Amino acid sequence: MNIQEQSKILMNNTEYGDEKLKINMQKELEKKLSEGRPLNIYCGYDPTAVDLTLGHIITMRKLREFQELGHNVTFLIGGFTGLIGDPSDKDKKRPMLSHEQLKNNAKEYTRQAYKILDPRLTTIRSNEEWLENLSSKEFIRLCSKFTVAQFLERDNFSKRWKSNDAIYLSEFLYALMQGYDAVKLASDVQVGGSDQLFNLMAGRILQREFNQDPQVVMTLPILVGTDGKIRMSKSTGNFIGLEEPPNEMFGKIMSIPDNAVESYFKLLTSVSDDDFLKLTKAIDNKAMKKIDLKKKLAVEIITGLFSISEATQSEKYFEETFQKRNIPSIMNEYSLGYQESNECKLSKILIKTQLSNGDKYASSLSEVRRLISQNAVSVNGLKIDEDIEVKIGDEIRVGRYKFLRIIQ
RNA sequence: GCAGGGGUGGGAGAGUGGUUAAAUCCAGCGGUCUGUAAAAUCGCCGACUUCGGUCUACGCAGGUUCGAAUCCUGCCCCCUGCACCA
């Protein structure tokens, strides 16, 4: 594959504030590629959140592309910087992590990341390696590479500066420290979310100071959540977790609004832009239904994360359960065991039992009553109008999507 | 430290002595519709209840009152000016 072809693939999906920057970055990338050596690519991840979502994998997919082209990929755990707090998501609390927790999180993180990355070709590093024992002398030296004006250029800061909102020094330092990572890794390319542009650019500034060829920064769009509006995140509840079982993932993907489908295709599947275009054309001339496009999306994503057979299986499950409204054969189970008879009350069971995502079927007796009175609960396919006692073998449906089978 | 403003349900935000489990909006949940989309529409949205009610709730702790989210006292926290420091 020639260099232009490579850079075209690699630059695909990148998003910069301005077009000029993109062109420059592409040029720099091509120059680096033309050197014919494996490049050092990295992306940093904040280890405070352990459960990865589909949002996390878009940078990983990019790293994967580099791996496939024979470059060196470093998966950098932001063990140290994560503790300082990033201004780009200021309102999130960052709990202090102990070293053990950190290690644990990192392990968990990478385990999940290997759904995308090739473990054999991935180097795991954590930036505490070099940041933790940085002396104040070295630290001040790093600081002297930046001017305040450079920081105030950043949108996030300049807005707050103008409106007299607090800007903490630690926030400045965050970018600085992160920039130092690039130096330490002798990075050729850093991948990140588009909200990280400033931090990635800081790496370039420092690299120049350290006589390194500045890294190419590749920023990728932020994935919207299942609401189709705001960034996917666990804390906003609009996420699809990487670890969710295929059936559930399929359902969640089916629930995204139509206007998010395109970006999901681009960022989370290997379907080419051309092929996607063909699909939308097929919809335009009624050869394909919109829901089938979305199903294809779900199948593509799940195939990538699990396997083709799990993907088709979850599609079948979806069709049977939600489209044909059949009672599924697989569902959560509740073991009745040797409970007292008053423990067999449906309401009690619904309050006690958790869904796989940690939610309860119902949070209180009042809620169960509400659900029953609103015709939301059925047992063995029949709506019930009062709290009943259940027995082994009963299949309960709550709302449209929640099922529970009573077992021994 | 001084002055001023404020802390109400998941969020935003009304309410300044009883008719307030607390307007309204958002989010959430459920019904109908449907493509687990969007839109629409109807209903629910503190807990418990023998469905008559009962209990708990408006930063925390006391007090006044037949009765307080609403008034008083003390405390805690947040914001905005100013001062101190430089």
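Note that the structure is predicted; figures quoted are calculated from it, not measured. Order of the sequence lines sets the chain letters (A, B, ...), proteins ahead of strands, with each chain counted from 1.
Here A:Y361 pairs with nothing under the ring-ring contact (aromatic ring centres under 6.0 Å, His included) rule; sequence neighbours left out. For A:D118, the salt bridge (Lys or Arg N to Asp or Glu O under 4.0 Å) partners at least two apart in sequence or on another chain are A:R120. By the salt bridge (Lys or Arg N to Asp or Glu O under 4.0 Å) test, A:K402 pairs with no residue at all, sequence neighbours left out.
Note that the CG atom of A:N13 and the OG1 atom of A:T219 stand 11.0 Å from one another [nearest 0.5 Å].
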With the sugar-phosphate defined as primed atoms, P, OP1 and OP2, and the base as all remaining atoms, what B/S/- string results for nucleotides 37-45 of chain B, 5' to 3', for protein heavy atoms under 4.0 Å? B-----BB-

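For the pair A:K348 NZ and B:rU49 C1', the computed distance is 12 Å after rounding to whole Å. Put simply, OH on A:Y361 is 13 Å from P on B:rG30, counting in whole angstrom units. As rounded to whole Å, 15 Å separates atom P of B:rU36 from atom NZ of A:K290. At whole-Å resolution of the value, NZ in A:K289 and C1' in B:rU34 are 12 Å apart. Nucleotide B:rG35 holds its C1' atom 12 Å from the CZ atom of A:R325, rounded to whole Å. The separation between A:N238 atom CG and B:rG28 atom C1' is 14 Å, rounded to whole Å.
The gap from the C1' atom of B:rC45 to that of B:rG67 amounts to 29 Å, rounded to the nearest Å. The P atoms of B:rG62 and B:rA69 are separated by 15 Å, rounded to the nearest whole Å. Across B:rA47 and B:rA57, the matching C1' atoms stand 10 Å from one another, rounded to whole Å. With P as the reference atom, B:rC71 and B:rU16 are 9 Å apart, rounded to whole Å. One P atom belongs to B:rC58, the other to B:rU49, and the distance between them is 23 Å to the nearest Å. B:rG11 and B:rU80 are spaced 23 Å apart, taking the C1' atom of each and rounding to whole Å. Rounded to whole Å, the separation between the C1' atoms of B:rA3 and B:rA21 comes to 38 Å. As rounded to the nearest Å, B:rG13 and B:rU19 have C1' atoms that lie 23 Å from one another.
The glycosidic torsion of B:rG35 lies more than 90° away from 0, which places this base in the anti conformation.
Between the side chain of A:K383 and the backbone N or O of A:N375, at least one donor-acceptor pair lies under 3.5 Å.
For residues 246-255 of chain A, the set of pairs meeting the salt bridge (charged side-chain N to carboxylate O under 4.0 Å, His left out) definition, not counting sequence neighbours, comprises A:E244-A:K252.
Ionic pairing of A:K391 and A:D394 is present here: one or more N-O contacts between side-chain nitrogen and carboxylate oxygen are shorter than 4.0 angstrom.
Under 3.5 Å, the side chains of A:Y45 and A:T59 contain a donor-acceptor pair of N or O atoms. A donor and an acceptor atom, one from each side chain of A:D274 and A:S272, are nowhere located under 3.5 Å apart.
In this structure, A:K295 is not positioned above the aromatic face of A:F250 in the sense of NZ or CZ being under 6.0 Å from the six-membered ring centre and within 45° of the axis.
Nearest-nucleotide positions on RNA chain B place A:K383 closer to the 5' end than the other of A:F250 and A:K383.
With B:rA47, B:rU36, B:rC29 as the candidates, the nucleotide lying closest to the side chain of A:S366 is B:rA47.
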Intra- and inter-strand pairs of RNA chain B in dot-bracket (Watson-Crick or G-U wobble, both distances under 3.5 Å; | for another strand): ((((((((.[[[..)..(.....]]].(((((.......))))).(((....)))...[[[[[..)....]]]]])))))))....

